[in-house]
4 protein chains.
Amino acid sequence: MSLAESGTGVEQPGRGRPRSEAVERAIIEGTMKLLEEGVPLGEVSIERIARTAGVGKATIYRRWSGKEELFVDVLRAAEPADPELPGTSLRDDLIVLLESVRRRGLATRSSAILHNVRAQMKSSPRIWAAYHNTVVEPRRRIGLEVVRRGQENGELRTDLDRELLYDIFVGPMLVRAVLHPDSDLAEGLAERMVDALLAGLRPVSSPETRH
Amino acid sequence: MSLAESGTGVEQPGRGRPRSEAVERAIIEGTMKLLEEGVPLGEVSIERIARTAGVGKATIYRRWSGKEELFVDVLRAAEPADPELPGTSLRDDLIVLLESVRRRGLATRSSAILHNVRAQMKSSPRIWAAYHNTVVEPRRRIGLEVVRRGQENGELRTDLDRELLYDIFVGPMLVRAVLHPDSDLAEGLAERMVDALLAGLRPVSSPETRH
Amino acid sequence: MSLAESGTGVEQPGRGRPRSEAVERAIIEGTMKLLEEGVPLGEVSIERIARTAGVGKATIYRRWSGKEELFVDVLRAAEPADPELPGTSLRDDLIVLLESVRRRGLATRSSAILHNVRAQMKSSPRIWAAYHNTVVEPRRRIGLEVVRRGQENGELRTDLDRELLYDIFVGPMLVRAVLHPDSDLAEGLAERMVDALLAGLRPVSSPETRH
Amino acid sequence: MSLAESGTGVEQPGRGRPRSEAVERAIIEGTMKLLEEGVPLGEVSIERIARTAGVGKATIYRRWSGKEELFVDVLRAAEPADPELPGTSLRDDLIVLLESVRRRGLATRSSAILHNVRAQMKSSPRIWAAYHNTVVEPRRRIGLEVVRRGQENGELRTDLDRELLYDIFVGPMLVRAVLHPDSDLAEGLAERMVDALLAGLRPVSSPETRH
DNA sequence: GCCTAACCGAGACGGTACGTCACGTCTTTTA
DNA sequence: TAAAAGACGTGACGTACCGTCTCGGTTAGGC
């Protein structure tokens with residue numbers, strides 16, 4: 001479901017020729033093709049996307065109100081799926097979580113431009129909000145849930161609020177992956193980080209540390 | 001010294017009318033004025049900057065090769081000064097460091113656009129590198145030095161490399177300040193963070209791990 | 001019968017849903033409505049006509065192959081009927097003829113746009129030919145017949161060919177009515193013109209050249 | 001002097017780079033080239049003119065506010081010069097006058113499109129007025145002067161107003177040349193017309209008809 | 001006190017992209 | 001099968017900026 005559609009609500013189906021889903025895919029894939037080919041972001045114009053996708057400009061504007069809202073959907077289509085959490089322990093869940101952040105940093109680096117597209121989106125509060133709500137926030141919610149379970153199971157201090165704990169766990173990796181994408185993202189980094197962080201965040205007088 | 005000048009090397013001074021420094025200031029301040037007035041970043045064109053500053057377009061191009069390089073200098077002029085470190089203890093230094101990150105997040109929120117300018121710059125690797133080298137990297141260097149002193153003084157585990165430790169300290173606050181600028185940046189946050197993090201990162205053989 | 005139909009030949013009547021004549025009228029009247037409302041000719045698009053007439057675009061294209069051919073029929077519907085000739089004398093016939101030209105000039109001025117539609121049509125030779133054949137030429141034929149009768153009855157010189165005589169009679173009024181529609185088209189003008197022209201065009205051997 | 005300039009009055013000379021006259025010529029000649037090549041009038045877009053003239057669109061819009069006003073200047077550049085009147089007699093002057101109308105009809109036919117451009121211009125009252133004032137009206141003034149001299153010299157009835165006489169002389173030829181450009185415009189036509197018309201328009205009791 | 005080179009403002013220039021609109025064609029559903 | 005509705009590829013519209021290039025007019029040395 002595109003940003004535009006989500007804003008305008010449901011459309012009654014019957015009237016007139018329906019919009020082609022194939023066209024929608026062609027536009028998003030055409031945009032990706034340009035980005036993957038290394039076309040500088042500033043040269044990825046609606047006009048050029050239309051040419052690449054073999055589509056009229058109006059067909060794009062019928063679906064998205066501008067380049068930025070199109071990019072939200074392009075990014076959404078390019079984002080890797082959220083990871084399956086093992087649920088065996090706080091440590092295991094955190095490692096999987098940070099691993100996915102790390103891999104996203106790597107993937108971003110390989111097709112380096114997607115990274116910039118994400119950065120670009122912050123130019124418009126409206127667009128950033130759309131991306132934040134549909135991609136960033138759900139992910140954060142998953143992490144907060146992991147923290148909550150950790151506190152419930154006695155694996156984590158309860159005198160710090162969940163938000164703070166979440167940022168402490170994810171922040172270091174996120175900074176590397178997103179803000180310094182050219183930094184070291186070696187394998188095993190997630191495990192080392194989690195262990196270093198957990199060392200001081202377990203309950204003070206924890207009877208059973210569970211492993 | 002502007003990015004352009006730094007790239008093109010020294011200019012012999014004598015020949016012809018020298019460039020006016022007043023004009024240079026007018027351009028940078030005109031750009032800031034536009035950004036502070038809430039003009040959307042996409043509408044801050046060279047043409048408009050020239051109009052606002054009462055300056056010919058060519059006068060801008062004579063100094064910077066494009067909008068992005070101009071923005072580097074605008075940002076540099078707007079960045080708050082790096083904080084003075086007390087040097088009394090690792091904990092004190094880290095708190096001052098994180099406080100400055102926090103305040104930068106607050107400042108950014110108030111004049112919200114500078115934030116986006118910074119984001120925008122990631123679109124061009126060349127520009128991002130310039131900003132990174134002259135603003136981001138020096139700051140990181142200061143932080144790494146703090147970490148190094150902490151390890152030397154026996155206030156910090158030495159089995160983790162400095163880069164990792166630095167990211168662990170700064171990452172959580174940076175994520176809040178830069179990636180989620182609408183998140184909670186309450187006063188005292190820096191202190192709480194530093195304490196929570198130091199808890200597990202003091203040397204193992206330290207007599208009192210938690211004061 | 002529309003231009004399109006006349007070109008495509010007879011349609012077999014039986015097959016499927018028959019075309020609605022009401023729709024045909026709605027289209028032509030919708031077009032006139034737009035023109036009478038003073039919509040600039042350039043803004044009278046097929047799309048707008050369809051909207052005004054409450055009709056699908058395809059329904060228009062099913063009947064006419066373009067805006068110009070539609071205009072031929074619109075104009076044809078708007079043209080006033082040819083006048084009844086008294087036949088009592090050459091002078092009387094000519095006056096009636098010129099009067100109708102004059103009145104057409106006046107009508108044109110009041111709903112000034114029809115005039116421009118006619119002008120517009122000259123842009124396409126094909127369209128102009130269609131209009132010429134079905135509207136202009138029949139009228140000319142009537143006038144030539146008047147001239148012929150005048151020569152036969154001895155009211156007109158026979159040493160000048162009919163075409164020339166016709167143009168001499170109609171030209172002056174036509175120029176005023178069509179080319180200079182803001183010129184003087186006072187009542188009685190037709191009579192004065194005919195008299196002035198007939199003065200030198202009666203047969204030479206006529207006993208009384210001027211009554 | 002272009003239509004636009006004539007409307008905006010004098011421009012102060014000094015400020016900024018002056019407009020290139022060569023560019024102005026290139027645009028007008030490019031437009032003519034397209035018309036002469038037989039490009040249908042509807043396909044002569046500003047975009048295409050710009051491409052043909054090797055010029056940016058903005059450069060055209062800087063001088064003319066639209067296609068129609070450009071066409072006024074194109075037409076003005078294409079119009080043949082007004083003829084030199086011999087002044088030896090009314091008959092001679094009229095023949096020269098009608099000859100120029102006839103030749104204009106012929107020229108128009110050869111490069112048939114200019115004719116349509118003129119027709120097209122009637123679509124906009126404003127444009128037509130501009131063309132009328134700078135091309136049509138001056139010509140009419142010359143003709144009226146010929147008529148005036150004819151009456152003064154006793155070569156023409158004085159009981160008919162000059163406007164009427166002028167239309168009677170020029171109308172027949174104009175109708176052929178402009179409204180029916182595919183009609184017969186044989187050589188000698190002007191002479192025959194003038195003689196036929198003068199026959200009845202000389203003063204009634206003229207003592208000396210001056211041959 | 002000139003000379004001259006580079007500066008400065010203004011704005012024209014060839015381009016390119018913008019977002020809108022109309023073109024004429026093509027699916028849809030409904031009647 | 002016609003009809004209304006409206007999506008579709010195409011391409012022109014008029015505007016705004018891009019970065020470059022003249023213009024006339026400063027503004028500094030160096031002579």
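In the text below, chain A, chain B and the rest are named by the order of the sequence lines, each starting its count at 1.
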Inset, instruction - Look up atom CG in B:Leu35 and atom CZ in B:Phe71, then write down how far apart they are to the nearest 0.5 Å. - result: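 One finds 6.0 Å between CG of B:Leu35 and CZ of B:Phe71.
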Can you tell me how far [atom2] of [N] sits from [atom1] of [X], to the nearest Å?
X	N	atom1	atom2	answer
B:Glu47	E:dT16	CD	P	17 Å
C:Tyr61	F:dA2	OH	C1'	18 Å
D:Glu43	F:dT10	CD	P	17 Å
D:Glu21	E:dA12	CD	P	15 Å
A:Arg17	F:dG9	CZ	P	8 Å
C:Ile60	F:dG6	CD1	P	15 Å
A:Arg19	F:dG9	CZ	P	13 Å
C:Arg62	E:dC26	CZ	C1'	12 Å

Tell me whether [X] is salt-bridged to [Y], with the criterion being a basic N under 4.0 Å from an acidic carboxylate O.
X	Y	answer
C:Arg51	C:Glu47	no
D:Arg126	D:Glu69	yes
D:Glu37	D:Lys33	yes
C:Glu43	C:Arg48	yes

Inset, instruction - Report yes if the side chains of B:Asp73 and B:Ile27 come closer than 4.5 Å at any heavy-atom pair, otherwise no. - result: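 No, their side chains stay 4.5 Å or more apart.
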Nearest of [options] to any side-chain atom of [X]?
X	options	value
C:Ile46	E:dC23, F:dA5, E:dC18	E:dC23
B:Lys67	F:dT15, F:dC21, F:dC18	F:dC18
D:Arg15	E:dA10, F:dA5, F:dG19	E:dA10

Inset, instruction - Could you say whether D:Val23 or C:Ser45 is positioned toward the 5' end of DNA chain E, judged by the nucleotide with the nearest heavy atom to each? - result: D:Val23
Inset, instruction - Hey, which sits more toward the 5' end of DNA chain E by its nearest nucleotide, A:Ala58 or C:Lys57? - result: A:Ala58
Legend entry - Residue mapping more 5' on DNA chain F - nearest nucleotide basis, A:Val55 or D:Gly66: A:Val55
Inset, instruction - By nearest nucleotide on DNA chain F, pick out whichever of D:Val44 and B:Arg48 is the more 5' one. - result: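 Of the two residues, D:Val44 wins.
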Does a side-chain N or O from [X] land closer than 4.0 Å to OP1 or OP2 of [N], or not?
X	N	answer
A:Thr59	F:dG9	yes
C:Arg63	F:dA3	yes
D:Arg51	F:dA12	yes
D:Ser20	E:dA12	no

Inset, instruction - Tell me what D:Ala50 touches on the nucleic acid: a base, only sugar-phosphate, or nothing, going by heavy atoms under 4.0 Å. - result: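 No contact.
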Inset, instruction - Have a look at B:Gly54 and say if it touches a base, only the backbone sugar-phosphate, or nothing, with a 4.0 Å heavy-atom cut-off. - result: sugar-phosphate
